[in-house]
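Okay, so here's the structure we're looking at.
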Amino acid sequence: ELLETIAKSNGLDLSYDRDEREALRLLQESKEGRERLQVYAAALGNPPIDVAGEAYLATTSLRPETKRLYRGIYQHAARELPPPKRIDKEIARKLLQRIATEKSKSRAANYRAAFKGLWDYNKWGEGIWAGVKLTSPKKTVQVEAFDDTELQRLLAPAEPKLRDSILIGMHTGMRESEIASFKYDGEKDQLVIEQSKTEAGVRTIPCPKAIRQVVKRWTSDEKRWSKLTIRNRFNELKTKLGFPKRTKTFHSLRHTFASRMMELNVQEAMIAKLIGHKHKEITAGRYGNKFDVEVLRPKLDKLKYGVGS
């Protein structure tokens, strides 16, 4: 009734998706409207994405920063998309591709994760947000390593968990996803990476002496950051500090570690073993499973940066 009144007074026709979304937006601007909207959405069984999103976020154990990210995504989607049950795989594909084209593939990945969680929670249908292959017209940009001055600029203002993740990245070459999930074997003083984007990425490496306490603190934290949180917090910091958007990323820490290992005369195949890359001399069997990464512990312990840990 209130929705119809708002629609009529604003010249909107509720039989059109765009007008219905606008009427719902206007309805949400008042406390009474928001309360009525909850009732309307429940009766309709197909609430707007932002309304459904709030209900989902209220029940999840997601980290606060992830909830903020998802809330913004749901609010944006509510302005762009029809109600959830009217969304099919083609609509989902077009939205994700547009985000990838206008923003980035990583931003589109955030959208996909937010929508998948919402759809799974509400049991709206499987696979709508999965299996969408995205392309980006942007040319590939070579990611650059950090120098000591740049690392110090990042570390100095970083909050504790972000600082720890940066230190782990620059001393091990781990990807964000690996930092989010690796385990510490205290008996052997080794880092165990069981979850990685590639088969070669599943590995065990010595724990560098310089970050042993950091590693213990990180792996014992029950609220350890996720891959997306690490990436998003790092991007927020580097943007605030004025670093280039595409050439200096968290992945730059991986390049930094590899280049420092080369300076210590570690062979390329051995560096590949440490950071979880395939290398022809490993896959061809020259080193293979016979190679014990413990022989590289002295090199890892020699790795020094002109920053504190």
With side-chain contact (heavy atoms from CB on, under 4.5 Å) as the criterion, how do Leu274 and Phe257 come out once you've worked through the C-alpha distance, each side chain's angles and the decisive distance to 0.1 Å? CA-CA 10 Å; Leu274 284 171; Phe257 172 76; 4.1 Å; yes
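- In terms of modelled atom types and a separation under 3.5 Å, the side chain of Arg163 and the main chain of Leu155 share a donor-acceptor contact.
- We find the OG1-CD distance between Thr204 and Glu294 to be 10.0 Å, quoted to the nearest 0.5 Å.
- By the 30° and 60° cut-offs, the orientation of the rings of Phe115 relative to Tyr74 is tilted.
- Checked by atom type and distance alone, the side chain of Thr239 never pairs as donor or acceptor with a backbone atom of Glu236 at under 3.5 Å.
- Ion pairing between Asp148 and Arg260 holds under the 4.0 Å rule for side-chain N and carboxylate O.
- At a threshold of 4.0 Å, the pair Glu80-Arg98 counts as salt-bridged, since one of the basic side-chain nitrogens sits closer than that to a carboxylate oxygen.
- Using a 4.5 Å cut-off between side-chain heavy atoms of Ile, Leu, Val, Met, Phe, Trp and Tyr, with links allowed through other members, Leu96 and Ile91 fall into the same hydrophobic cluster.
- When all heavy atoms are compared, the tightest approach of Ala92 to Ile87 is N-CG2, 4.3 Å.
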Before giving the answer on salt bridge (Lys or Arg N to Asp or Glu O under 4.0 Å), spell out for Asp189 and Lys209 the whole-Å C-alpha distance, their side-chain angles and the decisive distance to 0.1 Å. CA-CA 9 Å; Asp189 192 33; Lys209 180 171 59 177; over 6 Å; no
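- Between Lys161 and Asp221 there is a salt bridge, since at least one side-chain N of the basic residue sits less than 4.0 Å from a carboxylate O of the acidic one.
- No side-chain donor-acceptor contact under 3.5 Å links Ser165 to the backbone of Ile230.
- Residues Phe234 and Thr249 approach most closely at CE2-C, 3.4 Å, considering heavy atoms.
- Sorted by first and then second residue, the salt bridge (charged side-chain N to carboxylate O under 4.0 Å, His left out) pairs with a member in residues 168-186 read Arg175-Glu178, Glu176-Arg231, Glu178-Arg203, Lys183-Glu194; sequence neighbours excluded.
- Judged by distance alone, the side chain of Thr229 and the main-chain N or O of Trp225 form no donor-acceptor pair under 3.5 Å.
- For Lys273 (side chain) and Val293 (main-chain N/O), no donor-acceptor pair under 3.5 Å exists by modelled atom type.
- Residues Ile49 and Leu118 form a side-chain contact, since some pair of their non-hydrogen atoms from C-beta on lies under 4.5 Å apart.
- With hydrogens and angles ignored, the 3.5 Å screen pairs a side-chain donor or acceptor of His171 with a backbone N or O of Leu167.
- Pro208 places none of its side-chain heavy atoms less than 4.5 Å from the side chain of Leu303.
- Looking at every heavy atom in both residues, Thr219 comes nearest to Lys216 through OG1-O, 3.5 Å.
- Considering every non-hydrogen atom in both Ala145 and Glu150, the closest pair reads O-OE1, 4.0 Å.
- No donor-acceptor pair closer than 3.5 Å links the side chain of Lys299 to the backbone N or O of Met261.
- In this structure, Ser226 OG and Ile179 CD1 are separated by 12.0 Å, a value rounded to the nearest 0.5 Å.
- Here the closest non-hydrogen pair linking Thr247 and Gln142 is CG2-O, 3.9 Å.
- With hydrogens and angles ignored, the 3.5 Å screen pairs a side-chain donor or acceptor of Thr172 with a backbone N or O of Ile168.
- A salt bridge links Asp120 with Lys116: at least one charged nitrogen is closer than 4.0 Å to a carboxylate oxygen.
- In the hydrophobic clustering of this structure, Ile275 does not group with Val192; members are Ile, Leu, Val, Met, Phe, Trp, Tyr whose side-chain heavy atoms approach within less than 4.5 Å, directly or through other members.
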Please report the C-alpha distance between His76 and Ile99 in whole Å, then the side-chain angles of each, then the deciding distance to 0.1 Å, and finally whether the side-chain contact (heavy atoms from CB on, under 4.5 Å) criterion is met. CA-CA 11 Å; His76 174 242; Ile99 298 299; 4.1 Å; yes
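- Between Ile166 atom CD1 and Ser252 atom OG the span is 11.5 Å, to the nearest 0.5 Å.
- Proximity of a side-chain donor or acceptor of Lys67 to a complementary backbone N or O of Leu57 within less than 3.5 Å is detected.
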Using the side-chain contact (heavy atoms from CB on, under 4.5 Å) rule, take Lys94 and Gln97 through it: C-alpha gap first, then chi angles, then the decisive distance, then the call. CA-CA 5 Å; Lys94 287 181 177 179; Gln97 182 56 64; 5.9 Å; no
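- Between the CZ atom of Arg93 and the CD1 atom of Ile128 there is a distance of 14.5 Å, given to the nearest 0.5 Å.
- No side-chain donor-acceptor contact under 3.5 Å links Thr66 to the backbone of Leu62.
- Counting heavy atoms from C-beta on, the side chains of Leu264 and Leu300 never come closer than 4.5 Å.
- Other residues, nucleotides and ligands place no more than 12 heavy atoms under 6.0 Å from the CD atom of Glu199.
- For the pair Val215/Arg212, no side-chain contact is recorded, criterion being any heavy-atom separation below 4.5 Å from C-beta on.
- In this structure, Phe146 has its ring center no closer than 6.0 Å to that of His255.
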May I have the step-by-step check of side-chain contact (heavy atoms from CB on, under 4.5 Å) for Val266 and Leu296, ending in yes or no? CA-CA 8 Å; Val266 178; Leu296 291 175; 4.0 Å; yes
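- The pair Arg71-Asp50 does not meet the salt-bridge criterion, since no charged nitrogen lies less than 4.0 angstrom from a carboxylate oxygen.
- Minimum interatomic distance between Phe250 and Met174 (heavy atoms only, all atoms of both residues): CE2-O, 4.2 Å.
- In this structure, CZ on Phe182 lies 10.0 Å from OH on Tyr184, to the nearest 0.5 angstrom.
- Note that CD1 of Ile271 and NE2 of His277 are 11.5 Å apart. Values are rounded to the nearest 0.5 Å.
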